[in-house]
> 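Before I ask anything, here is the structure I am working with.
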Number of protein chains: 2
Amino acid sequence: MARMTPEARRESIVAATLAVMHRQGIAATTVRDVAAALGTSSGLIHHYVTSMDELITEAFELAATEDLERAASAVSGGTDPIDHLRRFFDSYTRADDDSGMQLWLDAWAEAARRPALQRASRRLNEAWQGLVCTIITDGCSSGVMRCADPQAASWRLISLLDGLTLQTVAHGDTVSAEQAARWSRRAAEQELGLEPGILDGIEPGARPSGRVR
Amino acid sequence: MARMTPEARRESIVAATLAVMHRQGIAATTVRDVAAALGTSSGLIHHYVTSMDELITEAFELAATEDLERAASAVSGGTDPIDHLRRFFDSYTRADDDSGMQLWLDAWAEAARRPALQRASRRLNEAWQGLVCTIITDGCSSGVMRCADPQAASWRLISLLDGLTLQTVAHGDTVSAEQAARWSRRAAEQELGLEPGILDGIEPGARPSGRVR
DNA sequence: GGAGTTATTGGACAGATGCGCAATAGCGAT
DNA sequence: ATCGCTATTGCGCATCTGTCCAATAACTCC
């Protein structure tokens, strides 16, 4: 249809691919589906992308990087390490839509057969771990958290959150997402020597009720 | 090839399907692959199975049920609830082969697009949870464990083990399986008020060293 | 050994998929 | 208005998929 500059076209292709992947899952995303969503012919796509594998990997990286940046910017808004961690949980838990989590689950499973996707998934996973590790290290050096091995602790935390993702997506109604989120907060508080409930967003003794006019 | 009784043939088909699924993953398993592994023609398979979906679901159920029964029989060999739990962890962790875990990961992801598989996966997940819940309930009533809500605790434990499965399979070399298994044991001990290390298979004060002749 | 039953064959069929390519149409410069 | 460049088309090709079916081979019973 309308002519576009190569960079803009490429971006629109990756974005459309991501939309289809959210709707249909990674394995069921075809070139023709993307073309239909984009309103163009299917031949166009292969002029911007050498293979379907490359396209899928790129789209996943786009989504994953967006997720990560959203979390990172949410964290950076905090005032101290505990607030950082609280914001991290908020941004992670605020999944208005299960399709984002389903995409991660798809990517994890699909990674075994797509080396490029595996590399991307691993890199992003380490970035998430690094984000949490920074928070914990800060918390330890400023004395508000207690943790012998921040790297191991952040690994455990990410692992727990992955388990939560999985249970929420794969066995949906067995347990509510809110309940699961609460449990993961309790585990983090216990892990880091924090007082229970402090990550729920309600600072004990500083609640905005009563005195507030 | 050689003629078989319908029941035996059906079993051999499901078994061959499972083998292919382990090797290639669920989504990449085709009728022709199964026929080749079986050494028969592809037409035969549809005389015993109405659709590929049914075959995949049945093969997954076979593998999952075997896993569950192996865990259940391992648990039943114990002498008390703590020993039951220890044996449960042993059987869960003793994954000589990642392909079993990869199969579960595949099933979780694939479940979104295959209703029959989703039902099977959910049912099996609840059975696992029930197994752990029984152990915890026994442990609580006999007083060796402390737990306010056995059902919630077993949910958390299964969720943690799923997260472990995922990290091991999807991001393999970041962390070793042994380390991950140890961490999940520590979490269980903490959750149930047990003394640290008691699930490692070495009962404190009853180690087979020194005095043993 | 022959006949009937049935497990098994091997390919046909329709649909879908990734990919490539000549032809076309849109846009900017002259 | 015309020309040249290139983004875009639309289809063709080879391959793979699940499903089905008439023909065939193997086994059993008489």
Side-chain angles (χ1 to χ4, degrees), chain A residues 1-60 106-107 109-111 113-117, chain B residues 1-21 23-60 106-107 109-117:
Chain A
M1 277 264 121
R3 236 172 131 97
M4 292 180 69
T5 161
E7 302 81 43
R9 180 54 86 189
R10 196 169 214 284
E11 281 177 23
S12 76
I13 288 176
V14 174
T17 304
L18 183 56
V20 176
M21 276 166 53
H22 268 121
R23 193 171 348 117
Q24 310 184 346
I26 291 181
T29 298
T30 75
V31 181
R32 282 165 180 79
D33 288 336
V34 175
L38 208 52
T40 70
S41 71
S42 64
L44 179 62
I45 289 166
H46 279 92
H47 271 154
Y48 291 92
V49 152
T50 65
S51 78
M52 195 61 199
D53 236 80
E54 176 187 328
L55 182 55
I56 284 176
T57 302
E58 203 153 330
F60 168 74
D106 267 17
E110 206 65 25
R113 252 86 51 190
R114 295 186 199 258
L117 195 61
Chain B
M1 277 264 125
R3 237 172 128 100
M4 290 181 72
T5 161
E7 302 82 43
R9 179 56 84 191
R10 195 169 215 281
E11 281 178 23
S12 75
I13 288 175
V14 175
T17 305
L18 183 54
V20 176
M21 275 165 54
R23 192 170 348 118
Q24 310 184 345
I26 292 182
T29 298
T30 75
V31 181
R32 283 162 180 82
D33 288 335
V34 174
L38 207 53
T40 69
S41 72
S42 65
L44 179 62
I45 289 165
H46 276 90
H47 272 159
Y48 291 91
V49 151
T50 64
S51 78
M52 195 62 199
D53 236 79
E54 177 188 327
L55 183 55
I56 284 176
T57 303
E58 204 154 327
F60 169 73
D106 266 17
E110 202 76 13
R113 254 84 52 189
R114 295 186 201 259
L117 196 61

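Order of the sequence lines sets the chain letters (A, B, ...), proteins ahead of strands, with each chain counted from 1. Both backbone and side-chain heavy atoms feed into the values below; hydrogens, waters and symmetry mates do not.
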> Has the side chain of A:Thr29 got a donor or acceptor atom that lies under 3.5 Å from a matching backbone atom of A:Gly25?
yes

> State, yes or no, whether a side-chain contact exists between B:Arg9 and B:Thr40 at a heavy-atom distance under 4.5 Å.
yes

> Hey, which sits more toward the 5' end of DNA chain D by its nearest nucleotide, B:Met52 or A:Pro6?
A:Pro6

> Can a side chain N or O of B:Arg9 be found less than 4.0 Å away from OP1 or OP2 on C:dT8?
yes

> Return the value, rounded to whole Å, for the distance between atom CZ of A:Arg3 and atom C1' of C:dA29.
13 Å

> Roughly how many Å is it from CG in B:Leu44 to C1' in C:dG10, rounded to a whole number?
12 Å

> Nearest whole angstrom, please: distance from the C1' of D:dT28 to the CE of B:Met4.
18 Å

> Within the structure shown, what part of the strands sits under 4.0 Å from A:Thr30 by heavy-atom distance: base, sugar-phosphate, or nothing?
sugar-phosphate

> What's the separation between atom CG in A:Leu38 and atom CD1 in A:Ile13, rounded to the nearest 0.5 Å?
6.0 Å

> Please report the distance, rounded to the nearest Å, between CD1 in B:Ile13 and C1' in C:dT9.
13 Å

> Between P on D:dT17 and CG on B:Leu55, what's the gap in Å once rounded to a whole number?
14 Å

> Between CD1 of A:Ile45 and CZ of A:Arg32, what distance do you get to the nearest 0.5 Å?
10.0 Å

> Within this structure, what is the NE2-to-C1' distance between B:His47 and D:dC20, rounded to whole angstrom?
8 Å

> Might you work through the side chain to side chain contact (heavy atoms under 4.5 Å, CB included) test for B:Thr57 and B:Arg114, ending with a clear yes or no?
CA-CA 9 Å; B:Thr57 303; B:Arg114 295 186 201 259; 5.7 Å; no

> For C:dG20, take OP1 and OP2 only and decide whether either is under 4.0 Å from a side-chain N or O of A:His46.
no

> At 4.0 Å (heavy atoms only), tell me whether A:Arg32 reaches a base, stays on the sugar-phosphate, or touches nothing.
base

> Report which part of the nucleic acid A:Thr40 touches: base, sugar-phosphate, or nothing (heavy-atom distance under 4.0 Å, all strands).
sugar-phosphate

> Could you tell me whether A:Ser51 contacts a base, only the sugar-phosphate backbone, or nothing, with contacts defined as non-hydrogen atoms closer than 4.0 Å?
sugar-phosphate

> Specify the separation, in whole Å, of atom CD of A:Glu11 and atom P of D:dA7.
15 Å

> Is any side-chain N or O of A:Tyr48 closer than 4.0 Å to OP1 or OP2 of D:dT8?
yes

> Rounding to a whole Å, what distance do you find between A:Ile45:CD1 and D:dG10:P?
14 Å

> Report the residue (B:Val31 or B:Ala2) whose heavy-atom-nearest nucleotide on DNA chain D is the more 5′ of the two.
B:Val31

